[in-house]
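Here is the structure we will look at, set down as structure tokens.
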Amino acid sequence: MNYRFYSILLALLAVGFIAQADNPKDFTVESVFDGSKFRLSENKGKIVALHFLLKTECPHCLKYTHDYAVLASKQAEVIHVFLKPDSPFEIKAWAKKISKDGLPELPPIYRDPGAKLAEQFEIPDGYKFHGQFVHYPALVVLDGTGKELFRYIGKNNSDRFPASKFEAKLAESQLK
């Protein structure tokens, strides 16, 4: 039996399967603050930026969320959806630490229980942070049909796509 041949064949099939994987067609997440919900299908025609934040107390997530919330307050054409896999209590305690400088109000923080949405978007996990295994910090931007325009997966808790570069990257990705 040629095990090497079968190993290569299985690897090629797996790569083909992964390449064909699509983002979720629709999903709903709920804000821990007021119970409001974000449903992708209700936002057709709009650019949606999904911000997958780390589980636990991440100071980089606080700054990142603040910077993108300021951008969101000036950018009506993009909906920024901030996602955390923590418990509602942990998310509320964490969100109180977001700087309010330059913000008319705090953005809704949506819960991604068990990081299920992160898994559906194939955000890699296995990153050890504060004694827990978590998904890497990530930004996934979808066009008005729900198709992915671009993504950025951080290599560690401080590696994020800067808000200052977001508009240029969005414009570049829409030209393709």
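Only heavy atoms go into these numbers, but all of them, side chains included; no hydrogens, no water, no symmetry mates. A quick note: this is a predicted structure, and the numbers were derived from the prediction, not measured. Just so you know, residue 1 is the first one in the sequence shown, and it goes up from there.
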Subject >> Stepwise side-chain contact (heavy atoms from CB on, under 4.5 Å) check, Y152 with V141 >> reply: CA-CA 9 Å; Y152 185 85; V141 180; over 6 Å; no

Subject >> Side chains of K46 and V78 in contact at under 4.5 Å (non-hydrogen atoms) >> reply: no

Subject >> Side chain to side chain, V140 and F150, heavy atoms closer than 4.5 Å >> reply: no

**OP:** Please tell me if the side chains of P107 and T65 come closer than 4.5 Å, counting only heavy atoms from C-beta onward.
**Re:** yes

Original post:
Are the side chains of D67 and K63 in touch, meaning some heavy atoms are under 4.5 Å apart?
Top reply: yes

Original post:
Does the side chain of L50 come within less than 4.5 Å of F121's, by heavy atoms?
Top reply: yes

**OP:** Examine distances only and state if a side-chain atom of E42 and a backbone atom of R39 form a donor-acceptor pair shorter than 3.5 Å.
**Re:** no

Original post:
If you measure from NZ on K74 to CD on E167, what distance do you get to the nearest 0.5 Å?
Top reply: 9.0 Å

Subject >> L170 backbone acceptor or donor facing S173 side chain under 3.5 Å >> reply: yes

**OP:** Calculate, to the nearest 0.5 Å, the distance between atoms NZ and CD belonging to K165 and E172 respectively.
**Re:** 11.5 Å

Original post:
Where is the tightest heavy-atom contact between R111 and D86, given as atom of each residue plus distance?
Top reply: NE-O, 2.7 Å

**OP:** Mind running side-chain contact (heavy atoms from CB on, under 4.5 Å) on H66 and K100 for me, showing each step along the way?
**Re:** CA-CA 8 Å; H66 170 267; K100 289 151 187 74; over 6 Å; no

Original post:
Using 30° and 60° as the class limits, which term best fits the ring planes of F166 and Y68: parallel, tilted or perpendicular?
Top reply: perpendicular

Original post:
Does I47 offer a backbone N or O that forms a donor-acceptor pair with the side chain of D143 under 3.5 Å?
Top reply: no

**OP:** Determine, step by step, whether L83 and V81 satisfy the side-chain contact (heavy atoms from CB on, under 4.5 Å) criterion, reporting the C-alpha distance in whole Å, the side-chain angles of both residues, the deciding distance to 0.1 Å, and the verdict.
**Re:** CA-CA 6 Å; L83 300 152; V81 179; 4.1 Å; yes

Original post:
Which pair of heavy atoms, one from K92 and one from F33, lies closest together, and at what distance?
Top reply: CG-CE2, 3.9 Å

Original post:
Do other residues, nucleotides or ligands put more than 12 heavy atoms under 6.0 Å from the NZ atom of K44?
Top reply: yes

Subject >> Nearest heavy-atom neighbours spanning L53 and C61 >> reply: CB-SG, 4.0 Å

Original post:
Considering all heavy atoms of both residues, which atom of P137 and which atom of N156 are nearest to each other, and what is their separation?
Top reply: CG-O, 3.3 Å

Subject >> Non-hydrogen side-chain atoms of V32 and Y110 separated by less than 4.5 Å >> reply: no

Original post:
So, the side chain of R151 versus the backbone of I123: is there a donor-acceptor pair under 3.5 Å, distance only?
Top reply: no

Original post:
Are the side chains of L142 and L40 in touch, meaning some heavy atoms are under 4.5 Å apart?
Top reply: yes

**OP:** Would you check if K84 and W94 make a side-chain contact, meaning some heavy-atom pair closer than 4.5 Å?
**Re:** yes

**OP:** Please state whether the rings of H51 and Y64 are parallel, tilted or perpendicular, taking 30° and 60° as the class boundaries.
**Re:** perpendicular

Subject >> Atom of D125, atom of Y136 and distance for their closest heavy-atom approach >> reply: O-CE1, 3.9 Å

**OP:** Report the distance from atom CD1 of I109 to atom CD of E30, rounding to the nearest 0.5 Å.
**Re:** 14.0 Å

Original post:
Counting only heavy atoms not in K96, do more than 12 sit closer than 6.0 Å to its NZ atom?
Top reply: no

Original post:
Could D112 and K116 be called an ion pair, given the rule that one side-chain N must be under 4.0 Å from one carboxylate O?
Top reply: no

Original post:
Can you name the closest pair of heavy atoms from H135 and L54 and give their distance?
Top reply: O-CD2, 2.9 Å

